[in-house]
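Here's a structure for you.
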Amino acid sequence: MNHLCKKCLLLEAGEQKSFETVRDYISNLSDDLKIGDDAYRDRLRKCRECDYLISGMCLKCGCYVEIRAVLKDKQCPDFDNRKW
């Protein structure tokens, strides 16, 4: 069942198929492109607290937050109030 879930990541929002696609994409990324597990969890925690998160997507940039948060060369897209 798909529904808008404010402050939810993909799996929590019931987006199983999208979650699996994102998970597979992340697992195929080179480790040198990804941040560490602790930093990744911290970024996702901050995204969950953000008003721009809806069903795993960031309304500021349109990305899946699980992907943006894992990339070490990316920042929070909220230019006025960066969370990470």
Nearest-0.5 Å distance, CG of residue Asn28 to CG of residue Leu33: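 Here the rounded value is 12.0 Å.
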Heavy-atom pair with the smallest gap, counting every atom of Arg43 and Ala69: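 That would be NH1-O, 3.0 Å.
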Side-chain heavy atoms of Leu71 within contact of Leu29, under 4.5 Å: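 The answer is yes; the side chains approach within 4.5 Å.
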Pairs satisfying salt bridge (charged side-chain N to carboxylate O under 4.0 Å, His left out), at least one member in residues 74-84, at least two apart: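 Of all non-adjacent pairs touching residues 74-84, those that pass salt bridge (charged side-chain N to carboxylate O under 4.0 Å, His left out) are Lys60-Asp78, Asp78-Lys83.
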Residue pair Cys61, Arg68: steps toward the side-chain contact (heavy atoms from CB on, under 4.5 Å) verdict: CA-CA 10 Å; Cys61 68; Arg68 187 177 191 99; 3.7 Å; yes
Heavy-atom pair with the smallest gap, counting every atom of Ile26 and Tyr40: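 Minimum heavy-atom contact is CD1-OH, 3.7 Å.
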Spacing of Ile35 atom CD1 and Asp73 atom CG [to the nearest 0.5 Å]: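 That separation rounds to 10.5 Å.
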side-chain contact (heavy atoms from CB on, under 4.5 Å) assessment of Trp84 paired with Arg45: CA-CA 10 Å; Trp84 45 269; Arg45 180 186 58 75; over 6 Å; no
From CE (Met57) to CG (Leu10), nearest 0.5 Å: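 Atom-to-atom, Met57:CE and Leu10:CG are 8.5 Å apart.
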Close side-chain approach of Asn81 and Tyr52, heavy atoms under 4.5 Å: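 The answer is no, as the side chains (C-beta and beyond) never meet within the 4.5 Å cut-off.
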Ile67 CD1 to Lys34 NZ distance, which is reported to the nearest 0.5 Å: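 With rounding to 0.5 Å, CD1 (Ile67) is 11.5 Å from NZ (Lys34).
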Under the side-chain hydrogen bond (donor to acceptor under 3.5 Å, both in side chains) test, residues paired with Arg41 that sit two or more places apart: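 Testing Arg41 for side-chain hydrogen bond (donor to acceptor under 3.5 Å, both in side chains), a comparison that skips the adjacent residues, returns Asp38.
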Side-chain heavy-atom pair Val65, Leu9 within 4.5 angstrom cut-off: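 Answer yes - side chains close enough.
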